[in-house]
Amino acid sequence: MTSPQRAPGGFPVVGIIGGGQLARMCQPPAVGLAVTLSVLAETPDASAALVVPSAPVGDYTDVETVRAWARSCDVVTFDHEHVPPPVLAALEADGVPLHPSPAALVFAQDKLAMRRRLSEVGVGCPRWAAVRTAEELKAFGEDVGWPVVVKTPRGGYDGKGVRVVGSVDEAADWLEASARDAVSGGPLAEGLLAEEKVEFTRELAVLVARSPSGQAATWPVVETVQVDGICTEVLAPAPGMSDALSAELTEAALRVAGALEVTGVMAVEMFEVSHPHTGEPDYVVNELAMRPHNSGHWSIDGAVTSQFENHLRAVLDLPLGSTAPRAPWTVMANVLGGDYPELYPAYRHIMARDPGARVHLYGKGVRPGRKIGHVNVSGDDLADLRERAGHAADYLRGVVTE
């Protein structure tokens, strides 16, 4: 496997497993930091492979392929959380610094492990249980009230691997699969995660960057707007949030990052809820993501240091950069694939119509509903920013044509 060309001066090579848009968006700050990236890409035309000079194609589930690639890297991090444990163990045995470590990454890979650890840490969580049988799920539903949320512990994202069920019958196929996996050692061997269906006001996220030496930084708490399980919009900072609640959420995210010994960027996704006794705004943690995250894409244009730059700084144990916002508000709108495969004409139109809009496309083929880019707009008027970002995203999707 070809080694990356190293820069003079002793600057390191950061390896990223996975060639998606998160790895792609690490390339601009890598240039600024004089750091070389090496991406283990799935295909020659993967999102990151189009912009990172060193992007060999390889199977991230194959131990020897990953070991051979990692020999030329000073540290290794991840574009996604799906690298199999045997591959991670082999890299650890080779002495490759991994950020986050496998011991931390398991809490993003396995939702049951996450719930157990978060409960131990003492942050707010929905009521939950591991269920293996119809009887256990029925008992949980009767305890917390139907409907309940059922999740597969591994492999879900963007609403996949999640069901809201009103009865045991609606999860019967997953329970049957869990019973089979308990014998064969498959991914559902430990059962399913059942959670109470939380009545929430809105969805929030706190992004934390943490270095191996323990330095940590957070960006402002943001509001994420979800449609059909996919984030369509991020408002930074979250509108109408009190300083007290913002501080509480930030402290909780930092506590989680420290307890799990996360290195790199981690997103803590939360629900804003009403406290059951006081009625005041409160929170519960929904999910963790141990990598740069969609909820932080606004920071590319809206913060002094983006999540991607601080992720690179963190995995290299460099001092973290300022996370202060550059403007009172930044709105990010995700661009989802529509019916028009040719994006360049629409891209030119948006640049001409709104020079203040920052369009980031990922070099991915258009497929309906697929995340293919995002638009950031910053300024003083939140309503105006939402309209501009939304219009740009809709034009790129083909929803509007003027």
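At distances below 3.5 Å, at least one donor-acceptor pair connects side-chain atoms of Tyr283 with backbone N or O atoms of Gly124. A donor-acceptor pair under 3.5 Å is absent between the side-chain atoms of Lys364 and the main chain of Ser47, judged by distance alone. Distance alone, capped at 3.5 Å, is enough to place a donor-acceptor pair between the Gln215 side chain and the Leu320 backbone. Under the 3.5 Å distance criterion, the side-chain polar atoms of Glu280 are left unmatched by any main-chain donor or acceptor of His275. For the pair Gln109 (side chain) and Val83 (backbone), a donor-acceptor distance under 3.5 Å is present. Side-chain atoms of Thr232 come within 3.5 Å of backbone atoms of Val225 as a donor-acceptor pair (strictly under, hydrogens ignored). Remark: side-chain polar atoms of Ser178 are not paired, donor with acceptor, to backbone N or O of Trp174 under 3.5 angstrom. Between the side chain of Asn334 and the main chain of Cys231, a donor-acceptor pair closer than 3.5 Å is present. Formation of a donor-acceptor pair under 3.5 Å by the Arg291 side chain with backbone atoms of Phe78 is not found in this model. Of the possible donor and acceptor atoms, one in the side chain of Asp79 sits under 3.5 Å from a partner among the backbone N and O of Leu22.
Within a 6.0 Å sphere centred on CZ of Arg127, other residues, nucleotides and ligands contribute more than 12 heavy atoms. Asp339 CG: 12 or fewer foreign heavy atoms inside a 6.0 Å radius. Atom CZ of Arg386 sits in a sparse spot, with 12 or fewer heavy atoms from other residues, nucleotides or ligands closer than 6.0 Å. Residue Glu387 qualifies as enclosed at atom CD: its count of foreign heavy atoms under 6.0 Å is above 12. The number of heavy atoms from other shown groups lying within 6.0 Å of CZ (Phe271) is above 12.
Side-chain contact annotation: Trp69 with Ser38, donor-acceptor N/O pair under 3.5 Å present. Looking at Ser306 and Ser299, their side chains never bring a donor and an acceptor atom within 3.5 Å of each other. At a cut-off of 3.5 Å, with distance as the only test, no side-chain donor of Asp169 or Ser167 sits close to an acceptor on the other residue. Between the side chains of Asp317 and Ser213, at least one donor N or O sits under 3.5 Å from an acceptor N or O.
For the pair Glu195/Trp128, a side-chain contact is recorded, criterion being any heavy-atom separation below 4.5 Å from C-beta on.
In this structure, the separation between CZ on Arg24 and CG on Leu361 is 8.0 Å, given to the nearest 0.5 Å. Taking CZ of Arg370 as the start and CG of Leu336 as the end, the distance is 11.5 Å to the nearest 0.5 Å. Rounding to the nearest 0.5 angstrom, the gap separating the OG1 atom in Thr305 from the CD1 atom in Ile300 is 13.0 Å. From Phe140, atom CZ reaches atom CG of Leu193 across 8.0 Å, with rounding to the nearest 0.5 Å. Note that OG of Ser54 is 10.5 Å distant from CZ of Arg6, once rounded to the nearest 0.5 Å.
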(request) Step by step, work out the side chain to side chain contact (heavy atoms under 4.5 Å, CB included) result for Asn294 and Val234. (result) CA-CA 9 Å; Asn294 199 188; Val234 173; 5.6 Å; no

(message) Applying side chain to side chain contact (heavy atoms under 4.5 Å, CB included) to Leu207 and Val222, what does each step give before you reach the verdict?
(response) CA-CA 9 Å; Leu207 213 63; Val222 301; over 6 Å; no

(message) Before you tell me yes or no, could you show the steps for Leu312 and Leu37 under side chain to side chain contact (heavy atoms under 4.5 Å, CB included), namely the whole-Å CA-CA distance, both residues' side-chain angles and the distance that decides it to 0.1 Å?
(response) CA-CA 10 Å; Leu312 295 175; Leu37 297 185; 4.1 Å; yes

(request) Report the C-alpha separation of Arg388 and Asp381 in whole Å, then their side-chain angles, then the decisive distance to 0.1 Å, and conclude whether the side chain to side chain contact (heavy atoms under 4.5 Å, CB included) test is met. (result) CA-CA 11 Å; Arg388 289 165 57 196; Asp381 186 332; over 6 Å; no

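Note: His80 and His82 have parallel aromatic rings, judged against thresholds of 30 and 60 degrees for the angle between ring planes.
Salt bridge Lys151/Glu287: present, at least one basic N to carboxylate O contact under 4.0 Å. One finds no salt bridge joining Glu120 and Arg116 here, because no Lys/Arg side-chain nitrogen approaches an Asp/Glu carboxylate oxygen to under 4.0 Å.
Of all the heavy atoms in Met266 and Val262, the pair that sits closest is SD-CG2, 3.7 Å. When all heavy atoms of Pro100 and Thr77 are compared, the pair lying nearest together is CD-OG1, 4.5 Å. Between Gly20 and Glu42 the shortest heavy-atom distance is N-OE1, 4.5 Å. Of all heavy-atom pairs spanning Thr323 and Ala303, the tightest one is O-CB, 4.1 Å. Among all heavy-atom pairs drawn from Tyr60 and Val66, the shortest one is O-CG2, 3.6 Å. Across Leu137 and Ala171, no two heavy atoms sit closer than the pair CD2-CB, 3.9 Å.
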Let me check something: any side-chain donor-acceptor pairs from residues 87-96 under 3.5 Å, sequence neighbours excluded? List them with distances.
| unit_1 | atom_1 | unit_2 | atom_2 | d |
| --- | --- | --- | --- | --- |
| Asp94 | OD1 | Arg67 | NH2 | 3.1 |
| Asp94 | OD2 | Arg67 | NE | 2.7 |

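For the side-chain hydrogen bond (donor to acceptor under 3.5 Å, both in side chains) with Thr263, the lone residue among His311, Arg210, His99 that qualifies is His99. The side-chain hydrogen bond (donor to acceptor under 3.5 Å, both in side chains) with His297 is formed by just one residue from the set Gln307, Gln21, His374; it is Gln307.
Within the structure, every pair that satisfies the salt bridge (charged side-chain N to carboxylate O under 4.0 Å, His left out) test and touches residues 301-313, not counting sequence neighbours, is listed here: Asp301-Arg358, Glu309-Arg313.
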